[in-house]
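Proteins get letters first, then strands, A, B, ... in listed order; numbering begins at 1 in each.
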2 protein chains.
Amino acid sequence: MKKVTQTKPLTIGSLSKKTGVNIETIRYYEKIGIMPKPQRSDGGNRLYDEGQFKRLNFIRRSRELGFSLDEIREMLRLVDEKDFTCAEIAAISQHHLDDIKLKIKDLRKIERHMKNMLSQCSRKETPDCAILDILFQN
Amino acid sequence: MKKVTQTKPLTIGSLSKKTGVNIETIRYYEKIGIMPKPQRSDGGNRLYDEGQFKRLNFIRRSRELGFSLDEIREMLRLVDEKDFTCAEIAAISQHHLDDIKLKIKDLRKIERHMKNMLSQCSRKETPDCAILDILFQN
DNA sequence: CTTGTATCTGTAGCGACTACAGATGATAGA
DNA sequence: TCTATCATCTGTAGTCGCTACAGATACAAG
């Protein structure tokens with residue numbers, strides 16, 4: 001008695017609900033080739049399996065971490081070709097982390113400038129403003 | 001003997017050099033209406049005056065601080081109509097600062113996740129990877 | 001006057017979606 | 001079985017803030 005855990009296929013709508021990825025985005029991912037072309041019902045509606053659900057979840061999580069679709073594409077390529085090493089994935093991730101650190105650094109600089117400007121501002125109902133003076137200077 | 005400090009008009013190229021804003025970007029700003037249509041030479045080349053130079057500098061500085069073109073448009077509108085109060089400008093700026101703080105917060109969260117994942121990763125030349133395990137889980 | 005550089009207009013592309021329109025597919029109730 | 005309603009289909013265009021052309025004209029130096 002073989003037990004085949006055949007999960008029933010998901011429509012794009014239910015896949016969308018289960019992953020939190022919007023329907024048009026799923027179709028977009030297919031169009032740009034990071035999601036595979038799924039099976040179709042007789043009428044032509046997309047039907048997704050468990051593997052595709054996992055893949056989309058991977059993409060979503062990676063996007064939430066700020067990976068670009070190109071970085072995700074590259075990771076998925078390595079996975080698909082079953083020809084990756086931990087070192088390779090780590091390199092991509094490390095690069096991305098460095099990127100994020102840089103962004104934080106830039107934003108903190110901007111934050112300081114903004115705070116500084118705002119601290120010089122009277123915030124009164126008067127028609128002159130230290131912020132404008134700073135931004136217009138020179 | 002009147003001394004009229006008539007600064008000679010700038011071509012788009014020299015304006016670009018003086019402000020560090022790229023030529024196509026200057027034309028783009030004109031197209032979307034945050035830079036005014038400048039005078040033209042007999043042949044039709046754009047000629048900018050001191051006020052326009054200052055305006056473009058304002059835009060550049062604001063962009064460097066991460067203001068959106070819509071926020072900049074709004075600030076310039078207030079300035080152009082000479083009908084702004086310091087409080088209004090401060091409100092826009094405060095809103096923008098809040099935005100930046102939020103972005104930093106989000107990025108720091110991502111940074112923590114990334115560090116966490118990378119710390120669990122062997123980074124070895126082996127075909128299995130803790131990072132992928134995490135991203136694919138569920 | 002020629003040569004070379006600057007500028008002109010207009011359009012298309014980027015990334016990562018989102019938002020339609022207008023046509024079908026699927027499904028539940030009468 | 002019919003029908004009403006929803007889901008899904010394809011294809012295109014829009015978003016933001018530029019950037020990159022192509023092909024034509026303007027301008028400045030020698």
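- Side-chain N/O atoms of B/S68 include none lying less than 4.0 angstrom from OP1 or OP2 on D/dC16.
- Put simply, CZ on A/R73 is 14 Å from C1' on C/dC14, counting in whole angstrom units.
- In this structure, B/R63 does not reach the D/dC16 phosphate: none of its side-chain N or O atoms is under 4.0 Å from OP1 or OP2.
- Checking the phosphate oxygens (OP1, OP2) of D/dC18, no side-chain nitrogen or oxygen of B/N22 falls inside 4.0 Å.
- A donor-acceptor contact shorter than 3.5 Å is absent between the side chain of B/R123 and the backbone of A/E88.
- Protein atom CD of A/E64 is 15 Å distant from nucleotide atom C1' of C/dA16, rounded to whole Å.
- Dashed line: the shortest gap from a side-chain N or O of B/R46 to OP1 or OP2 of C/dT7 is not under 4.0 Å.
- Of all nucleotides listed (C/dG15, C/dG25, D/dA26), C/dG25 comes nearest to the side chain of A/S41.
- We find that CG of A/L47 is positioned 13 Å from C1' of D/dA7, with the value rounded to whole Å.
- Looking at heavy-atom distances under 4.0 Å, B/R27 makes contact with a base.
- Mapping A/G43 and A/Y28 onto DNA chain C via the closest heavy atom, the residue that lands nearer the 5' end is A/Y28.
- Looking at heavy atoms from C-beta onward, B/R63 lies in side-chain contact with B/Y29 at the 4.5 angstrom threshold.
- Backbone-only engagement by B/I23 is indicated by non-hydrogen atom pairs under 4.0 Å involving sugar-phosphate atoms exclusively.
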B/R77/B/E74 under salt bridge (charged side-chain N to carboxylate O under 4.0 Å, His left out): CA gap, chis, key distance, verdict: CA-CA 5 Å; B/R77 192 186 62 77; B/E74 175 61 7; 3.0 Å; yes
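- Rounding to whole angstrom units, CG of residue B/D42 and P of D/dT25 are separated by 18 Å.
- What separates CD of B/E24 from C1' of D/dC21 is a distance of 9 Å, to the nearest Å.
- Residues A/D98 and A/Q94 bring a donor and an acceptor atom of their side chains to less than 3.5 Å of each other.
- Atoms CD (B/E30) and P (C/dG10) sit 11 Å apart, rounded to a whole Å.
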Derivation and outcome, salt bridge (charged side-chain N to carboxylate O under 4.0 Å, His left out), residues A/E50 and A/K54: CA-CA 6 Å; A/E50 195 62 16; A/K54 281 187 182 160; 5.1 Å; no
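- Where B/T25 and A/T11 meet DNA chain D, the nucleotide closest to each residue was compared, and A/T11 sits on the side nearer the 5' end.
- Atom-to-atom, CD1 of A/I12 to C1' of C/dG25 comes out at 14 Å; the value is rounded to the nearest Å.
- The side chain of A/N45 approaches C/dA26 more closely than any other nucleotide in the set D/dT12, C/dA16, C/dA26.
- B/Y29 comes within contact range of the sugar-phosphate backbone alone, with a heavy-atom separation under 4.0 Å but no base atom that close.
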